[in-house]
Amino acid sequence: MEKMNLGKKTIFLVDDDITNLAIGNDTLSPLYKVFTVNSALRLFKMLETHIPDLILLDVEMPEMNGYETIIKLKEHEKTKNIPVLFLTAQNNIENELKGLSLGALDYIIKPFSPPLLIKRIEIHLLVESQRKQLVTFNDNLQLRIEERTRKVIELKNAFLRTIAELVECRDGSTGEHIGRTELYMSILMDSLQKHPIYKDEVSLWDKELVLQSAQLHDVGKIAVNDDILQKQGKLSAEEFNEIKRHVTLGEGIIDRIKKITTERTFLDQAKILISTHHEKWDGTGYPRGLKGNEIPLQGRMMAIADVYDALTSYRPYKKALTHEESVEIILNNKNKHFDPNLVDVFLDVSDKFSEVKIFFNDNIEDIEVLEDE
C-alpha cells in the first residue's frame, strides 16, 4: 500500500453512473489525479494498494451503497482517516445528517456545479492538510516532551545515585551497597508479584519509583559524625544510639524537601524506606518499635536486602560472611527480625542474590587490577 502522489492530490470518484464519472473526471483532472471507480467493491480493491487524498462517494449504488461503504472505510486503520464527500441526487436533510453522522465531511448534490465541486474539494483538502500538519506537530511535540522528560529523569537518577553513594562512602563502604540493595529489592519485588499474599499490593506500586527511592534509605547518615561512621572497632551503646539516629535524620531531610516541592509520591516512598528498614517483625527494631504488618511491606523487604548485603560485605570491623552463612542467619531470624513470608520468598530467590553479589565482586576486582596497573 502506498500514498498516490504524482505531484497532484489523488481523488477516487466512486459512482455507478458512467456519465457522472465522465463529468467528474473532466471537471477535476486538470487539478487532481483522478481515478474513477464504478462500485464500492472495486474501491476496496484499489485501496489494498493505494490510498487517495480524498474520496467522492455516491450514496445510491447497487450491491453496497455509500452509507455501507463509509462504515466499512471507518472500520479499518488504513482507510478511516480518508476524507469522504458524499454525492447524491436526493436533497434530503435526514439522509444528509445520516451521512455526516457516519463520518462524511460534506454532501454535494447532483448534478453538481463544477466550480462549486472544485471549491469544496479545495477547502476539504486544505483542512485535511492542516489536520495532518497538526498531528505531525503534536507527535513531534510529544517526542520532544518525552525526550526532555527522559533527560530530566536521567539527571534526577544520577543526582540521587551520587548523593546516595557519597553517603555510603562516609562509613567506609564502596558505594556498591546502593546498587546491590536496589537489585535485591527488584528481585524480591518481581517474586512478590506472583505471591498469593502480596501480589495485589505490589501490583499497585510503580516499581521504578520504589527502586529509585530505595537509593535514599540511608541518606540520614550524612548527618552522623564521621568518627562513629568510620570507627574500626565495636560501637559503644552511646555510639550505636547515635548511628540509629540516621533514620530520623533521614526522615527530617525528606520532610524539608517536601516543603519546597509539589512532588510527593517519590518522597513518600523514600520516607517509608528510610523510616522502616530497621524495624523488626517482633517489634524490637527502631526507631518506633513497629511490629509485624505495622511495618510497611517496602520496609520489610529492605530489611532483608540491607541485612543480606551487610552480612556478605567486608567492613574494617568485620569479615564478609559467605552466601550460605548469610542465608542461614536470615533463616534463623524468621519471625524475629524478618517477615516469615518474605523469608520464604527470599529462600526461593537467594541464588539470584548470590549472583548479584558475585557480579559486583568481580567488577570491583577488575577495577582494583586496573588501578594497580
Side-chain angles (χ1 to χ4, degrees), residues 1-90 92 95-143:
M1 181 187 70
E2 65 183 57
K3 185 75 175 183
M4 299 183 74
N5 190 349
L6 304 176
K8 296 179 179 180
K9 297 288 186 180
T10 302
I11 294 176
F12 283 2
L13 173 57
V14 187
D15 198 313
D16 63 316
D17 188 321
I18 190 170
T19 301
N20 289 332
L21 292 178
I23 294 172
N25 184 61
D26 290 343
T27 300
L28 299 175
S29 58
L31 299 171
Y32 304 104
K33 188 71 175 180
V34 180
F35 289 82
T36 55
V37 188
N38 63 5
S39 73
L41 297 179
R42 289 194 63 190
L43 167 67
F44 286 108
K45 188 66 177 177
M46 291 182 66
L47 289 172
E48 292 177 3
T49 55
H50 298 90
I51 298 297
D53 295 288
L54 183 141
I55 295 175
L56 292 172
L57 181 60
D58 185 27
V59 174
E60 299 85 16
M61 294 187 296
E63 297 181 350
M64 181 183 295
N65 65 33
Y67 300 133
E68 295 169 328
T69 302
I70 196 171
I71 290 173
K72 188 172 180 180
L73 287 169
K74 297 301 180 182
E75 288 176 348
H76 297 280
E77 186 67 28
K78 69 178 183 179
T79 59
K80 68 179 184 180
N81 291 320
I82 303 173
V84 175
L85 278 60
F86 272 139
L87 302 174
T88 180
Q90 298 181 7
N92 183 297
N95 288 342
E96 186 171 346
L97 287 173
K98 179 180 179 180
L100 294 175
S101 68
L102 291 174
L105 297 182
D106 204 350
Y107 250 80
I108 298 175
I109 303 300
K110 298 187 294 184
F112 46 75
S113 162
L116 182 58
L117 176 64
I118 290 172
K119 178 54 67 174
R120 287 200 176 180
I121 290 174
E122 178 186 328
I123 291 172
H124 287 298
L125 286 176
L126 176 61
V127 170
E128 176 64 9
S129 176
Q130 292 174 338
R131 184 193 69 81
K132 289 179 179 179
Q133 289 176 13
L134 182 59
V135 169
T136 300
F137 175 81
N138 287 336
D139 288 345
N140 291 338
L141 180 61
Q142 182 63 32
L143 288 174

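Every value quoted in this text rests on a predicted model; they were computed, and no experiment measured them.
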Heavy-atom closest pair, residues [X] and [Y]:
X	Y	answer
L21	L13	CD2-O, 3.6 Å
I70	G103	CD1-C, 3.7 Å
A89	E60	N-OE1, 3.9 Å
A104	F86	CB-CD1, 3.5 Å
D16	D58	OD1-OD2, 3.2 Å
L47	K78	O-NZ, 3.5 Å

> Among all residues two or more places apart in sequence or in another chain, which pass the side chain to side chain contact (heavy atoms under 4.5 Å, CB included) test with K119?
Replying inline: E122, I123
Working to the nearest 0.5 angstrom, can you tell me the gap between [X] [atom1] and [Y] [atom2]?
X	Y	atom1	atom2	answer
S39	M61	OG	CE	7.5 Å
Y32	I118	OH	CD1	7.5 Å
D15	N38	CG	CG	9.5 Å
I55	L87	CD1	CG	11.5 Å
L134	D139	CG	CG	9.5 Å
D106	R120	CG	CZ	4.5 Å

With distance as the sole test, does [X] use its side chain to make a donor-acceptor pair with the main-chain N or O of [Y] at under 3.5 Å?
X	Y	result
R42	T36	no
Q130	V127	no
S129	L125	no

> Around K74, counting heavy atoms of other residues, nucleotides and ligands shown, do more than 12 lie under 6.0 Å from its NZ?
Replying inline: yes
> Has L141 got more than 12 heavy atoms of other residues, nucleotides or ligands less than 6.0 Å from its CG?
Replying inline: yes
Quick one: are [X] and [Y] in side-chain contact, heavy atoms under 4.5 Å?
X	Y	result
I82	P52	yes
K132	V135	no
L56	I121	yes
T69	F44	yes
T79	I51	yes
N140	T136	yes

>> Test of understanding: with side chain to side chain donor-acceptor pair (under 3.5 Å), list the residues that count as partners of R131, not counting sequence neighbours.
In response: E128
> Sequence neighbours excluded, which residues qualify as side chain to side chain donor-acceptor pair (under 3.5 Å) partners of E77?
Replying inline: K80
> Hey, is K110 close enough to D17 for a salt bridge, meaning N to O under 4.0 Å?
Replying inline: no
